[in-house]
Chemist: 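Below is one structure. I have some questions about it.
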Amino acid sequence: MASNLKLFIYLLVFFLVCASNGSSRKMVGIYELKKGDFSVKVTNWGATIISVVFPDSKGNLADVVLGYDTIAQYVNGSGYLGALVGRVANRIAGARFVLNGKAYRLYANDGNNTLHGGHRGFSHVIWTVHEISNGEFPYITFYYHSFDGEQGFPGALDVFVTYKISGKYKLDVIMKATAINKATPVNLAQHAYWNLGGDGSGDILSNSVQIFASKITLVDKELIPTGEIASVAGTPYDFRKPMKVGSRIKEVNVGYDINYVLDAPKDDQGMRKAAIVKDNKTGRVLELWTNQPGVQLYTGNFLKNVKGKSGHVYNQYGALCLETQGFPDAVNHPTFPSTIVNPGEVYTHYMKFKFSY
């Protein structure tokens, strides 16, 4: 087995899943990408990131992603820890939208709204291991076929996500989806919970965060966008300069859970800098780049007594999420950038994480 890409089957869990052409048996495993002292573990259950390990300023290795010890916990858990969410990430108001004159009713799993694709979105299915590489830059690609009408969404969709170590302490996430036969909304997101102090090290309130955005999409009490795009100037949402997460968090209800409209111009590869997070205790830094127009900052507001890895218990503000994305509920806001993918078109979503210390 190659040294760069070690395929560890820590758990083999067999699920009997009902596919459109009958019953099929699929295998779920845990896979490790490794380059030097940088390692990333993923599973094809929900195309989930299980762990990311790299050193701090003193050379101490730590896992900086919240998660579970077993696949069964991921299957039964809530909070989308590390998962790939879709077909449409974030919320869709009233679990409905109109496209090309036809109304579509979705599965409501967040009050009257749809959250992260419904009760059985892409985070709650078994993906196929499509390709693995053990070269200089190891990667793994997962594939999922979403059938026409799944969770109420129109049209069949072929979806691929690749996790790739692209350099020293660099992780690329590449999401692609092709609409097969009908126009459909697509807005995928990677929902890792980051704690640069290390899994189980406490809250992230002392983390310094900078977000390269001067505006946000305002939301109502159900966290549904109102359609208004507002300046962050003079508000607790202003992270244009590095600020500690906890410095103004009490001014925003239970915590941050908002989409930022990214300002930074795109580079030659179509990427723009979205955010920088620094843990001042360990010196670890996360820098995030994307080709998407928005990024959701979520501060783990609803974590409560979640039993995670190695006996750790996760509570409120135990991590933060930075989910690059199209704007939430764009299907119901014509003024937002469109998230509609027409038949034959390919949705492409890039994320690049650069870790340092």
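Positions are given from 1, in the same order as the sequence printed here.
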Chemist: Might you point out which heavy atoms bring Met351 and Leu288 nearest each other, and give the distance in Å?
Modeler: CE-CD1, 4.0 Å
Chemist: Describe, in one word, how the ring planes of Tyr80 and His191 are oriented to each other, choosing from parallel (under 30°), tilted (30 to 60°) and perpendicular (over 60°).
Modeler: tilted
Chemist: Is there a donor in the side chain of Lys352 and an acceptor in the side chain of Ser166, or the other way round, less than 3.5 Å apart?
Modeler: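 Note: Lys352 and Ser166 side chains meet the donor-acceptor criterion.
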Chemist: Would you check if Ile258 and Val219 make a side-chain contact, meaning some heavy-atom pair closer than 4.5 Å?
Modeler: yes
Chemist: Is the number of heavy atoms from other residues, nucleotides or ligands within 6.0 Å of NZ (Lys278) greater than 12?
Modeler: no
Chemist: What is the ring orientation for Phe38 with Tyr169, classed by angle as parallel under 30°, tilted 30 to 60°, or perpendicular over 60°?
Modeler: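 Rings of Phe38 and Tyr169: perpendicular, over 60°.
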Chemist: Should Trp194 and Val65 count as side-chain neighbours, where that means a heavy-atom distance under 4.5 Å?
Modeler: yes
Chemist: For the backbone of Asp238 and the side chain of Arg248, can you confirm whether one donor and one acceptor N or O come within less than 3.5 Å of each other?
Modeler: yes
Chemist: A side-chain contact here means heavy atoms from C-beta on lying under 4.5 Å apart; do Phe122 and Val161 qualify?
Modeler: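 Counting from C-beta outward, Phe122 and Val161 never come under 4.5 Å.
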Chemist: Can you tell me if Gln151 uses its side chain to pair, donor with acceptor, with the backbone of Phe153 under 3.5 Å?
Modeler: no
Chemist: Hey, what do you get for CG (Asn291) to OG1 (Thr324), rounding to the nearest 0.5 Å?
Modeler: 7.5 Å
Chemist: Taking ring-ring contact (aromatic ring centres under 6.0 Å, His included) as the test, write out the residues that go with Tyr74, two or more places apart.
Modeler: Tyr68
Chemist: Are the aromatic rings of His333 and Phe327 close, with centres under 6.0 Å apart?
Modeler: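 Between Phe327 and His333, which both carry aromatic rings, the centre distance is not below 6.0 Å.
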Chemist: Between the main-chain N or O of Gly255 and the side-chain N or O of Tyr298, is there a donor-acceptor pair closer than 3.5 Å?
Modeler: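 Side chain of Tyr298 to backbone of Gly255: no pair is present.
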Chemist: Please answer whether the main-chain N or O of Thr282 pairs with a side-chain N or O of Ser57 as donor and acceptor at a distance below 3.5 Å.
Modeler: yes
Chemist: Given side chains that start at C-beta, do those of Tyr139 and Glu131 come closer than 4.5 Å, heavy atoms only?
Modeler: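 Heavy-atom side-chain distance check passes, below 4.5 Å.
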Chemist: Please identify each residue that fulfils side chain to side chain contact (heavy atoms under 4.5 Å, CB included) with Ser231, with sequence neighbours left out.
Modeler: Ala233
Chemist: Could you tell me the separation between the OG1 atom of Thr48 and the CG atom of Leu81, rounded to the nearest 0.5 Å?
Modeler: 9.0 Å
Chemist: When rounded to the nearest 0.5 angstrom, what is the spacing between CD1 in Ile165 and CG in Leu33?
Modeler: 5.0 Å
Chemist: Out of the candidates Val64, Asp199, Leu66, Asp63, only one should pair with Ser51 under the side-chain contact (heavy atoms from CB on, under 4.5 Å) rule; please name it.
Modeler: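 When side-chain contact (heavy atoms from CB on, under 4.5 Å) is applied between Ser51 and each of Val64, Asp199, Leu66, Asp63, only Asp63 qualifies.
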Chemist: In Å and rounded to the nearest 0.5 Å, what is the CZ to NZ distance from Arg240 to Lys215?
Modeler: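 Answer rounded to 0.5 Å: 11.0 Å.
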Chemist: With a 4.5 Å cut-off on side-chain heavy atoms, are Ile276 and Phe212 touching?
Modeler: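 Yes, at least one pair of side-chain atoms sits under 4.5 Å.
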Chemist: If we only count heavy atoms from C-beta on, is the Lys273 to Trp289 side-chain gap below 4.5 Å?
Modeler: yes
Chemist: Look at the side chain of His116 and the backbone N and O of Gly86, then say whether any donor-acceptor pair between them is shorter than 3.5 Å.
Modeler: no
Chemist: Who are the ring-ring contact (aromatic ring centres under 6.0 Å, His included) partners of Phe142, not counting sequence neighbours?
Modeler: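 Partners of Phe142 under the ring-ring contact (aromatic ring centres under 6.0 Å, His included) test: none.
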Chemist: Any idea how His145 and Tyr143 line up, ring-wise: parallel (<30°), tilted (30 to 60°), or perpendicular (>60°)?
Modeler: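 His145 vs Tyr143 ring planes: tilted.
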Chemist: Rounded to the nearest 0.5 Å, what's the gap from OG1 on Thr162 to NZ on Lys176? Could you check?
Modeler: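 Here the rounded value is 8.0 Å.
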Chemist: Please report the shortest heavy-atom distance between Val313 and Asn305, naming the atom on each side.
Modeler: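 In terms of heavy atoms, the two residues are closest at CG1-CA, 3.6 Å.
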Chemist: Just by distance, do the side chain of Gln190 and the backbone of Gly82 share a donor-acceptor pair under 3.5 Å?
Modeler: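 Answer holds: yes.
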Chemist: For the side chain of Lys35 and the backbone of Glu136, is there at least one donor-acceptor N/O pair under 3.5 Å apart?
Modeler: yes
Chemist: What I'd like to find out is whether the side chain of Leu188 reaches to under 4.5 Å of the side chain of Val85, using heavy atoms alone.
Modeler: no
Chemist: Below 4.5 Å, heavy atoms only, C-beta onward: do Val129 and Ile140 meet side chain to side chain?
Modeler: yes
Chemist: Keeping the roles fixed (side chain from Asn195, backbone from Gly202), state whether a donor-acceptor pair exists under 3.5 Å.
Modeler: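 Yes, the answer is positive, given that a donor and an acceptor are paired below the 3.5 Å cut-off.
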Chemist: What heavy-atom pair brings Asn280 and Ser206 nearest, and what distance separates the two atoms?
Modeler: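 Shortest heavy-atom separation between Asn280 and Ser206 comes out as ND2-O, 3.3 Å.
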Chemist: What heavy-atom pair brings Thr335 and Gly227 nearest, and what distance separates the two atoms?
Modeler: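 In this case the closest contact between Thr335 and Gly227 is OG1-O, 4.4 Å.
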Chemist: How long is the span from the CG atom in Asn181 to the CG atom in Asp148, to the nearest 0.5 Å?
Modeler: 5.5 Å
Chemist: Main chain of Ile92, side chain of Asp329: is a donor-acceptor contact present, judged purely on distance under 3.5 Å?
Modeler: no
Chemist: The criterion is salt bridge (charged side-chain N to carboxylate O under 4.0 Å, His left out); which residues satisfy it with Asp56, sequence neighbours excluded?
Modeler: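 Scan of Asp56 (salt bridge (charged side-chain N to carboxylate O under 4.0 Å, His left out), adjacent residues dropped) gives none.
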Chemist: Kindly indicate, with the supporting measurements, whether the criterion side chain to side chain contact (heavy atoms under 4.5 Å, CB included) is fulfilled by Phe336 and Thr217.
Modeler: CA-CA 10 Å; Phe336 286 179; Thr217 50; 4.0 Å; yes
Chemist: If you look at every heavy atom in Glu222 and Asn113, which pair is closest and at what distance?
Modeler: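 Heavy atoms only, the tightest pair is OE1-ND2, 3.6 Å.
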Chemist: Just by distance, do the side chain of Thr290 and the backbone of Tyr350 share a donor-acceptor pair under 3.5 Å?
Modeler: yes
Chemist: Centroid separation under 6.0 Å, is that true for the rings of Tyr256 and Tyr237?
Modeler: yes
Chemist: Where do Pro154 and Ala183 come nearest, in terms of heavy atoms and distance?
Modeler: CG-O, 3.5 Å
Chemist: Identify, with sequence neighbours excluded, every residue that meets ring-ring contact (aromatic ring centres under 6.0 Å, His included) alongside Trp127.
Modeler: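 Applying ring-ring contact (aromatic ring centres under 6.0 Å, His included) to Trp127 gives Tyr144.
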Chemist: Under the rule for salt bridge (charged side-chain N to carboxylate O under 4.0 Å, His left out), what residues qualify as partners of Asp263, not counting sequence neighbours?
Modeler: none
Chemist: Regarding Arg120 and the six-membered ring of Tyr107, is the cationic atom NZ or CZ under 6.0 Å from the ring centre and inside 45° of its axis?
Modeler: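 No.
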